[in-house]
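Read the numbers this way: they start at 1 and go in the same order the structure lists the ligands and their atoms.
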Amino acid sequence: MKNMILIGAQGAGKGTYAAILTKKYGIPHISTGDMFREAIKNQTPLGVEAKGYIDKGQLVPDALTVKLVDERLKKPDCKKGFILDGFPRTLSQAEALDKITKLTHVIFLEVRESVIMQRIGGRIQCRKCSAIFHKTNMPPKKEGVCDKCGGELYTRDDDKPEAIKKRLAIFHEQTAPLIGFYDKKKLVKRIDANNPVPQQVADEIIQVLGE
Ligand code: AMP
């Protein structure tokens with residue numbers, strides 16, 4: 001059973017490693033950011049409410065976010081495990097998650113600020129399937145086009161410099177303290193995520209998680 005969360009600042013590579021891990025273990029990759037972006041694209045009530053916060057680089061209120069995750073984790077594909085990416089992001093979300101499920105692994109991706117800025121600066125994402133690429137580190141075969149589904153690649157509004165600064169400040173203030181919370185439960189494994197080759201970082205995570 002692998003009920004895991006990935007914690008790391010923006011640009012640590014959570015989404016990229018999660019895509020590798022989901023294939024390896026056959027368990028779903030659950031990204032609250034991707035779920036919100038999907039809801040916004042489909043203009044659902046949740047999407048309409050979340051959009052205002054997300055575009056400004058703020059967190060969506062806990063009540064909305066916890067409900068979204070609770071419903072997702074109840075789906076049958078999570079029975080064998082899951083990879084949560086981008087949740088929990090606050091202590092109150094972590095406490096709520098404790099009541100929903102029992103975690104087996106907390107992977108903390110440590111990365112230098114200079115690496116973060118370089119990675120987010122070049123990040124592009126598929127509008128259709130959410131796959132992530134990088135203009136220089138991991139370019140798509142054809143510029144502007146997703147290798148996986150042919151969708152359009154774009155730069156997220158919240159990856160623009162002002163929003164990035166705000167998101168990093170929120171990470172340090174609200175998300176980093178989660179490490180202490182999970183350290184007390186002896187769940188945290190620290191991984192050096194400065195390595196520019198995603199597969200190598202993913203291999204280190206796989207070593208920690210086991211087969
Ligand atoms: P991400 O793709 O994980 O960077 O998420 C993009 C944006 O979605 C964040 O900047 C938040 O506005 C929102 N979001 C994603 N996950 C959460 C969460 N766990 N709590 C609150 N807001 C979130």
Side-chain angles (χ1 to χ4, degrees), residues 3-19 21-22 28-42 44-73 82-101 103 106-109 111 113 115-117 119-134 153-179 181-182 193:
N3 289 351
M4 71 178 97
I5 61 175
L6 301 178
I7 300 183
Q10 290 70 21
K14 297 185 292 290
T16 306
Y17 313 134
L21 298 172
T22 190
H29 167 207
I30 302 172
S31 155
T32 42
D34 284 346
M35 289 164 85
F36 283 130
R37 282 183 286 278
E38 184 69 20
I40 291 171
K41 193 171 76 186
N42 296 329
T44 67
L46 173 73
V48 171
E49 195 162 353
K51 185 172 176 9
Y53 299 99
I54 293 177
D55 283 351
K56 282 185 243 151
Q58 295 169 354
L59 290 186
V60 177
D62 285 343
L64 280 181
T65 313
V66 169
K67 183 161 170 276
L68 180 76
V69 171
D70 187 19
E71 284 170 5
R72 181 66 187 86
L73 291 179
F82 53 79
I83 304 161
L84 265 178
D85 154 13
F87 183 94
R89 260 187 163 85
T90 63
L91 220 41
S92 107
Q93 289 179 8
E95 284 160 356
L97 183 62
D98 249 7
K99 296 197 182 106
I100 297 171
T101 189
L103 294 175
V106 173
I107 305 292
F108 179 34
L109 301 159
V111 61
E113 187 125 345
V115 174
I116 291 175
M117 296 317 281
R119 284 190 191 162
I120 302 187
R123 174 156 73 180
I124 36 184
Q125 188 163 17
C126 177
R127 265 193 213 286
K128 219 159 127 199
C129 77
S130 305
I132 296 164
F133 298 86
H134 189 279
L153 299 177
Y154 77 113
T155 300
R156 285 161 39 181
D157 276 340
D158 60 350
D159 279 349
K160 299 193 172 142
E162 274 318 297
I164 295 176
K165 273 191 217 142
K166 191 176 288 161
R167 292 165 70 213
L168 283 176
I170 293 175
F171 176 80
H172 290 299
E173 279 161 29
Q174 302 206 37
T175 308
L178 294 188
I179 299 304
F181 176 85
Y182 288 120

Looking only at heavy atoms, is any part of Arg156 under 4.0 Å from ligand 1, and if so is it the side chain, the backbone, or both, or is it neither? side chain
Arg37, any N or O under 3.5 Å of ligand 1 N or O: yes
Could you tell me, atom by atom, which parts of ligand 1 come under 4.0 Å of a heavy atom of Thr65? 18 (C), 19 (N), 20 (N), 21 (C)
May I ask you to list the atoms of ligand 1 that are less than 4.0 angstrom from any heavy atom of Gln58? 11 (C), 12 (O)
Taking non-hydrogen atoms only, is Gln93 closer than 4.0 angstrom to ligand 1 via side chain, backbone, both or neither? side chain
Can you confirm whether Phe82 sits close enough to His29 that some side-chain heavy atom of one is under 4.5 Å from a side-chain heavy atom of the other? no
Smallest separation among heavy atoms of Ala94 and Pro88, with atom names: N-CB, 3.5 Å
Atom 15 (C) of ligand 1 has as its nearest protein heavy atom Arg89 NH1, 3.4 Å
Which of the numbered atoms in ligand 1 are below 4.0 angstrom from a heavy atom of Arg167? 4 (O), 10 (O)
Between the main-chain N or O of Ile124 and the side-chain N or O of Thr155, is there a donor-acceptor pair closer than 3.5 Å? no
Please determine whether a side-chain nitrogen of the Lys or Arg among Lys67 and Asp70 lies less than 4.0 Å from a carboxylate oxygen of the Asp or Glu. no
Per-atom filter on ligand 1: closer than 4.0 angstrom to a heavy atom of Gly86 are 16 (N), 17 (C), 18 (C), 19 (N)
If we number the atoms of ligand 1 from 1 as shown, the ones under 4.0 Å from a heavy atom of Val60 are 13 (C), 21 (C), 22 (N)
Under the criterion side-chain contact (heavy atoms from CB on, under 4.5 Å), I'd like the reasoning laid out for Ile179 against Ile7: C-alpha separation, chi angles, the key distance, then a yes or no. CA-CA 8 Å; Ile179 299 304; Ile7 300 183; 4.0 Å; yes
Closest to atom 23 (C) of ligand 1 among protein heavy atoms sits Phe36 CE1, 3.8 Å
Which of the ligand 1 atoms, numbered from 1, are nearer than 4.0 Å to a heavy atom of Phe87: 19 (N)
Distance-only polar pair, side chains of Gln10 and Asp159, donor-acceptor under 3.5 Å: no
Of Thr175, Asp62, Thr32, which is the lone residue that meets side chain to side chain donor-acceptor pair (under 3.5 Å) with Gln93? Asp62
What are the atoms of ligand 1, with element, lying closer than 4.0 Å to any heavy atom of Thr32? 15 (C), 16 (N), 17 (C), 19 (N)
Test of understanding: given a 4.0 Å heavy-atom threshold, classify the contact between Thr90 and ligand 1 as side chain, backbone, both, or neither. neither
Just by modelled atom types, is the Arg127 backbone N or O under 3.5 Å from a matching donor or acceptor in the Lys41 side chain? yes
Sub-4.5 Å side-chain heavy-atom contact between Leu46 and Leu64: yes
May I ask you to identify the nearest protein heavy atom to atom 7 (C) of ligand 1, giving residue, atom name and distance to one decimal place in Å? Asp158 OD2, 3.9 Å
